[in-house]
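A quick write-up on the structure given underneath.
First listed ligand is number 1; within each ligand, the first listed atom is number 1. All of these numbers come straight from a predicted model, not from anything done at the bench. For the numbers below, each heavy atom of this structure counts, side chains included, while hydrogens, waters and symmetry mates do not.
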Amino acid sequence: MIDNTHADAPVAVVTIDGPSGTGKGTIARIIADRLGWHLLDSGALYRVLALAVISHAVDFEDINSITTMAEHLDVEFKPSGDMNMETDIFLEGEEVSKSIRTEEMGNYASIVATIPSVREALKSRQRSFRQSPGLAADGRDMGTVIFPDADLKIYLTASAEERAKRRYKQLKEKGLNVNIPALSREIAERDNRDASRTVAPLKPAEDAEIIDTSDMTIDEVIQQIGLLLEARALMPKV
Ligand code: DC
């Protein structure tokens, strides 16, 4: 007899949500790489949309035009091909990997992300990343809205001070000009907007595993997630 038990089993997904500066992006990338899975950096979609709004000189109050842009957003993610597992991101054929990473663009991304019709327009695009053999998805609402049936939901937190320090280091390494007091203010403002919006606010899913990374290294966080993956039989044996 043919065993069809798993024939229609959905592709495995691990979601990693939390505010900025918790290490989400780096951790999602390492997990995707270790498991040989696809990666969804959902924040990059909102950042690219914000950049498109600016480059087409659309008003941030013009919800109809921004929604239409979200529906037709010409964005492409390509592995950069070098050893650091980075992804090159293209908007309308032009590389924007670096220009979308500024704090300013994070802030604009958080503004367009409050628009319910924009979030709706980007849903199916995000879900289309769920392809065999699996997906690691990072964002704010991956476990609550986009992949509510995820196999493992992680919610990362860290103290505001530690997150500001990490963002500072990250942005400096990318050659961007920042200072800690201004960065702390911007982060607090953005987190507040992300957590208080009416649709898909930043919050842990009820069934999420919450990890406070304030005093942890990236390796320690990965180790802890590794145990959770193993417990759910998602980790390939090496
Ligand atoms: O993760 P990030 O810093 O690149 O995200 C930029 C902004 O995009 C974030 O402040 C809020 C928004 N965002 C969102 O609303 N939902 C997501 N799943 C990911 C990002």
Side-chain angles (χ1 to χ4, degrees), residues 13-29 32 39-54 60 63 66-67 69-70 73 75 77 86-87 89 91 96-130 135-148 150 153-158 160 163-164 166-171 174 176 178 183-205 208 213:
V13 184
V14 171
T15 57
I16 302 166
D17 289 304
S20 64
T22 47
K24 274 185 321 306
T26 309
I27 286 160
R29 194 172 294 283
L39 174 69
L40 167 60
D41 171 1
S42 62
L45 275 177
Y46 290 96
R47 285 172 182 266
V48 169
L49 176 62
L51 181 61
V53 168
I54 292 168
F60 275 92
I63 290 175
I66 299 177
T67 304
M69 288 177 86
L73 194 64
V75 59
F77 294 84
E86 290 290 331
T87 307
I89 303 173
L91 166 63
V96 295
S97 321
K98 194 166 168 192
S99 46
I100 61 164
R101 294 296 166 198
T102 62
E103 263 321 282
E104 190 191 16
M105 209 53 72
N107 216 7
Y108 285 125
S110 149
I111 292 170
V112 295
T114 60
I115 306 171
S117 50
V118 162
R119 303 198 73 84
E120 195 55 42
L122 294 178
K123 255 187 197 170
S124 61
R125 199 187 286 257
Q126 293 175 83
R127 289 183 177 148
S128 72
F129 279 73
R130 187 175 193 168
L135 174 70
D138 105 66
R140 305 289 186 290
D141 62 342
M142 297 294 98
T144 49
V145 175
I146 305 297
F147 303 111
K153 299 178 185 179
I154 306 286
Y155 188 88
L156 299 181
T157 62
R163 293 192 291 114
R166 288 182 192 166
R167 285 294 287 161
Y168 177 80
K169 192 164 166 266
Q170 203 179 35
L171 292 169
K174 287 185 195 289
L176 297 164
V178 275
L183 196 53
S184 301
R185 266 198 312 278
E186 279 168 11
I187 289 178
E189 193 187 320
R190 180 144 73 96
D191 287 348
N192 188 33
R193 191 187 300 114
D194 292 345
S196 60
R197 67 182 173 225
T198 48
V199 175
L202 166 68
K203 66 165 187 203
T213 70

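Those atoms of ligand 1 with a heavy atom of A109 less than 4.0 angstrom away are 6 (C), 7 (C), 8 (O). Near D141, meaning under 4.0 Å from one of its heavy atoms, ligand 1 places the atoms 16 (N), 17 (C), 18 (N). Heavy-atom contacts of G139 reach the following atoms of ligand 1: 18 (N), 19 (C) (cutoff under 4.0 Å). Taking a cut-off of under 4.0 Å to the non-hydrogen atoms of M142, the atoms of ligand 1 that pass are 18 (N).
Note on ring orientation: taking the six-membered ring where Trp is involved, the planes of Y108 and F60 are parallel (angle under 30°, cut-offs 30° and 60°).
When only modelled atom types and interatomic distance are considered, S110 and R197 share no side-chain donor-acceptor pair under 3.5 Å. Side-chain contact annotation: R166 with T26, donor-acceptor N/O pair under 3.5 Å absent.
For the side-chain hydrogen bond (donor to acceptor under 3.5 Å, both in side chains) with N107, the lone residue among R190, E186, R193 that qualifies is R193.
Scanning the protein heavy atoms around atom 8 (O) of ligand 1, the nearest turns out to be Y46 CB, 3.6 Å. Counting only heavy atoms of the protein, atom 4 (O) of ligand 1 lies nearest to R47 NE, 2.6 Å. The single protein non-hydrogen atom nearest to atom 1 (O) of ligand 1 is R140 NH1, 2.8 Å, given as residue, atom name and distance. In terms of protein heavy atoms, atom 19 (C) of ligand 1 is closest to S42 OG, 3.4 Å. When hydrogens are left out, the protein atom nearest atom 20 (C) of ligand 1 is G43 CA, 3.5 Å; that is the closest non-hydrogen contact. Atom 12 (C) of ligand 1 has A113 CB, 3.7 Å as its closest protein atom, hydrogens excluded (heavy atom only). Of the protein's heavy atoms, R119 NH2, 3.0 Å lies nearest to atom 16 (N) of ligand 1.
The N/O atoms of S20, backbone and side chain alike, include none that comes under 3.5 Å of an N/O atom in ligand 1. Polar contact check, D194 against ligand 1: a nitrogen or oxygen pair lies under 3.5 Å apart.
Between the side chain of R127 and the main chain of I146, a donor-acceptor pair closer than 3.5 Å is present.
Note that the OH atom of Y155 and the NZ atom of K24 stand 9.0 Å from one another [nearest 0.5 Å]. Considering OG of S42 and CG of D141, their distance stands at 6.5 Å, rounded to 0.5 Å. Summarising the geometry, atom CG belonging to L171 is positioned 10.5 Å from atom CZ belonging to R101; distances are rounded to the nearest 0.5 Å. In this structure, D138 CG and I154 CD1 are separated by 12.5 Å, a value rounded to the nearest 0.5 Å.
Residue K24 places a heavy atom under 4.0 Å from ligand 1.
Residue-level proximity to ligand 1 for R197 is carried by the side chain, the only part with a heavy atom below 4.0 angstrom. Residue contacts with ligand 1 for R190 involve side-chain atoms from C-beta outward but no N, CA, C or O (heavy atoms, distance under 4.0 Å).
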Just do the side chain to side chain contact (heavy atoms under 4.5 Å, CB included) check on T87 and S97 with the steps written out, would you? CA-CA 8 Å; T87 307; S97 321; over 6 Å; no
